[in-house]
Amino acid sequence: MREFKSNIIKEKRKLRNMSQAQLGDIVGSQAMVSRIENGQILPNAQTIFILCNKLEITVEEYFYSIFGPDQNTTTFRNNLDKLYMQGSIDELRKIFSHYKHHNSLDIETKHRMLMVQSAHKSIIRTIFYLGLN
């Protein structure tokens, strides 16, 4: 298991005066929260998304707390931002599909899947918003 550089989940949970049991009610169990905080398990993509939303952190903040910002991830994010600005929904879907069907769901793959999913959702929200105005 990868060594955690910092434990943003625990830090943010405590800042919000939440117990592990309270957060566990949202993501599965207090034991699950404890194992995530102690680096014993890697949460799945849905759990990461829920944790980030509840603790008001970005997916990038979560993953940077685990393995720090690396050049490959920054480049990947910049490419996603470019596709977002171009409104390239089909291209984002292709990238997400690639990672979704990836043989390995290691933490970097999960991170990239969530990054693509986030960019795709932002485009959909923007289109929806612009369609109403």
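Taking S29 as the reference, nothing meets the side-chain hydrogen bond (donor to acceptor under 3.5 Å, both in side chains) condition, with sequence neighbours excluded. With sequence neighbours excluded, the residues satisfying salt bridge (Lys or Arg N to Asp or Glu O under 4.0 Å) with R16 are E56. Annotation: side-chain hydrogen bond (donor to acceptor under 3.5 Å, both in side chains) contacts of E61 (sequence neighbours excluded): T58.
At least one donor-acceptor pair under 3.5 Å links the side chain of R13 to the backbone N or O of M18.
From S88, atom OG reaches atom NZ of K82 across 9.5 Å, with rounding to the nearest 0.5 Å. Here the straight-line distance linking atom CG of D25 with atom OG of S19 works out to 7.5 Å at 0.5 Å rounding. Taking CD from E37 and CE from M32, the interatomic distance works out to 12.5 Å, rounded to the nearest 0.5 Å.
Counting heavy atoms from C-beta on, the side chains of K10 and Q20 never come closer than 4.5 Å. Between L55 and L15, every side-chain heavy-atom pair lies at or beyond the 4.5 Å cut-off.
Considering all non-hydrogen atoms of both residues, I57 and Y62 come closest at CD1-CB, 4.2 Å.
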Side-chain atoms of residues 45-54: list all donor-acceptor pairs with protein atoms under 3.5 Å, sequence neighbours left out, distances to 0.1 Å.
| from | atom 1 | to | atom 2 | distance (Å) |
| --- | --- | --- | --- | --- |
| T47 | OG1 | N44 | OD1 | 2.9 |
| N53 | ND2 | F49 | O | 3.4 |

Do I9 and N7 pass the side-chain contact (heavy atoms from CB on, under 4.5 Å) test, and can you show the C-alpha distance, the side-chain angles, and the key distance before you say yes or no? CA-CA 6 Å; I9 300 299; N7 197 324; 3.8 Å; yes
